[in-house]
Trainee: 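The structure is given below, and queries will be raised subsequently.
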Amino acid sequence: MNGHRTVALIVAAGRGERSGSALPKQFASVAGRPMVAHSHAAFVAHPAIDAVVVVTGGDQFASLEAALGPVTAVAGGETRRESVLAGLEAFAADGGAARVLIHDAARPFLSTAVIDRLLSALDTAPGAVPVLPVADTLATAGETLGAVVPRDALVRVQTPQAFAFVDILAAHRSWTGAEPTDDAQMLRAAGGAVLPVMGDTMLEKVTYPADFATAEARAGGRFRVRSATGYDVHRLEAGEELWLGGIHIPHDRGLSGHSDADVGLHALTDALLGTIGAGDIGTHFPPSDAQWKGAASDRFLVHAAELIRARGGIVDFVDLTLICEAPKVGPHRAAIRTRIAELLAIGEDQVSIKATTTERLGFTGRGEGIAAQAIATVRIPEAS
Ligand code: CTP
Ligand code: MG
């Protein structure tokens, strides 16, 4: 069964020595998430890809899990070639595959279109790679420049590179040449044809320090900023616990409602859902559903953030205003901020907590209830 599948292999076992990054570059942040998370999400989301394996350094498993959550990972080797081979052997031990795409974690912005082009080229050849034309003049390097190298006959070769699984595995296993810079050259050396398909400037590799800024700029063009608001009110009643902004606050009364009635988290959840037009909290967690009775609202907020991330989105900023006469929010502001940042997996500098009274006017002024309003700003990839 496994021998029929199409699988993806991401190599992320390098040290990123040329990148100047404190972390190995595959774990450094690009467009709001660890670099490796971008291409991993692209493969996971592609309907033709049945399994994804990430190859990482023997001492990098914890960093990988922090970046991606639980994933199938294997330890890489000293060179990129050894890392790829380790990944191929892992698939081979797991029943093999029909087709494999081999990709550098250092090329974060992988589109569905590139994957589609590669897979359709594999219908007619055992190998396919994305290529781009060379636009600059090429010359032999030296103290003074040498001869011009005709560029019309040259292309730049990117990853992912797609192969018939048995062919690339055999080419890797039998390789005895110098250290190769990609996998397609090993297939060609073994006599396999490699088809070029149109590459993508979004796939440029992050190698040197300046490449991070270029990658951010490239990513910026892919995203649209969206903001949305949320609003909620719950009644204050005796005999209830008070949960506000994800923390428990000792008070003589608490908020009543079907869940824990955390008005702050509910307003924030609605704001986040609004950014992707995903309805509101009641759409996802209907009050009529008994399983949400007394539920901690933490999970509502986490769910909304996960929906945004599942679309390749980034939560940039949230701002919450709590409206009540009592309790005083000030002494709890820092704890609320910390808790919300933790739930959304963003920095505290991306969370703002404010509070106001209504000068004893209205239901909040009379202490009958607490209101909350929130705004969330996210970035969503253009295509979704
Ligand atoms: N790679 C790998 N195993 C290695 C070396 C590299 O899996 N032993 C991966 C890198 O993580 C990267 C890809 O191969 O995703 C391309 O390699 P490169 O850009 O050279 O990355 P690094 O080796 O990490 O960087 P440097 O050469 O600057 O140290
Ligand atoms: Mg390297």
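All values reported here derive from a predicted model rather than from experimental measurement. Order of listing sets the numbers, starting from 1, for every ligand and every atom in it.
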Trainee: Considering only non-hydrogen protein atoms, determine which one is nearest to atom 9 (C) of ligand 1 and report residue, atom name and distance to 0.1 Å.
Mentor: Val11 O, 3.7 Å
Trainee: What residue and heavy atom of the protein are closest to atom 21 (O) of ligand 1, and at what distance?
Mentor: Lys25 NZ, 3.2 Å
Trainee: Quick one: nearest non-hydrogen protein atom to atom 7 (O) of ligand 1, plus distance?
Mentor: Ala13 N, 2.9 Å
Trainee: Salt bridge or not for Glu342 and Arg339, using N-O below 4.0 Å?
Mentor: yes
Trainee: Number the atoms of ligand 1 from 1 as they appear, then name those within less than 4.0 Å of a heavy atom of Lys205, with their elements.
Mentor: 18 (P), 19 (O)
Trainee: Can a salt bridge be assigned to the pair Glu368 and Arg366 using a cut-off of 4.0 Å between side-chain N and carboxylate O?
Mentor: yes
Trainee: Give the residue, atom name and distance (to 0.1 Å) of the protein heavy atom nearest atom 8 (N) of ligand 1.
Mentor: Gly77 O, 2.9 Å
Trainee: Please identify which atoms of ligand 1 are closer than 4.0 Å to at least one heavy atom of Glu78.
Mentor: 8 (N)
Trainee: Check the orientation of His266 and His234. Use parallel for under 30°, tilted for 30 to 60°, and perpendicular for over 60°.
Mentor: perpendicular
Trainee: Among protein heavy atoms, which lies nearest atom 23 (O) of ligand 1, and at what distance?
Mentor: Gly14 CA, 3.9 Å
Trainee: Under a 4.0 angstrom heavy-atom cut-off, which atoms of ligand 1 come close to Ala105?
Mentor: 15 (O)
Trainee: Could you point out which residue of Arg80, Gln158, Lys205 forms a side chain to side chain donor-acceptor pair (under 3.5 Å) with Asp104?
Mentor: Arg80
Trainee: Looking at ligand 1, does any of its N/O atoms fall within less than 3.5 Å of an N/O of Thr79?
Mentor: yes
Trainee: Do the charged groups of Arg117 and Asp200 touch, with an N to O distance under 4.0 Å?
Mentor: no
Trainee: Does ligand 1 have an atom under 4.0 Å from some heavy atom of Val55?
Mentor: no
Trainee: What is the closest protein heavy atom to atom 13 (C) of ligand 1, and at what distance does it sit?
Mentor: Asp104 OD1, 3.4 Å
Trainee: If you measure from each heavy atom of Gly16 to ligand 1, is any distance below 4.0 Å?
Mentor: yes
Trainee: Considering the heavy atoms of Ala106, write down every atom of ligand 1 situated less than 4.0 Å from one of them.
Mentor: 15 (O)
Trainee: Only heavy atoms of Arg15, strictly under 4.0 Å: list the atoms of ligand 1 that pass.
Mentor: 24 (O)
Trainee: Under the side-chain hydrogen bond (donor to acceptor under 3.5 Å, both in side chains) rule, what pairs show up with a residue in residues 239-248, not counting sequence neighbours?
Mentor: Glu241-His248
Trainee: His172: which residues meet the ring pair (Phe, Tyr, Trp, His ring centres under 6.0 Å) condition with it, sequence neighbours left out?
Mentor: none
Trainee: Salt bridge check, Asp136 against Arg151: does any charged N sit closer than 4.0 Å to a carboxylate O?
Mentor: no
Trainee: Looking only at the side chains, is there a donor atom on one of Thr283 and Asp280 sitting less than 3.5 Å from an acceptor on the other?
Mentor: yes
Trainee: Starting from atom 29 (O) of ligand 1, locate the nearest protein heavy atom and write down its residue, its atom name and how far away it is, to 0.1 Å.
Mentor: Glu17 N, 2.6 Å
Trainee: Is it true that atom CD of Glu78 has more than 12 heavy atoms of other residues, nucleotides or ligands lying nearer than 6.0 Å?
Mentor: no
Trainee: Identify the protein heavy atom lying closest to atom 3 (N) of ligand 1, giving its residue, its atom name and the separation to 0.1 Å.
Mentor: Ser83 OG, 2.6 Å
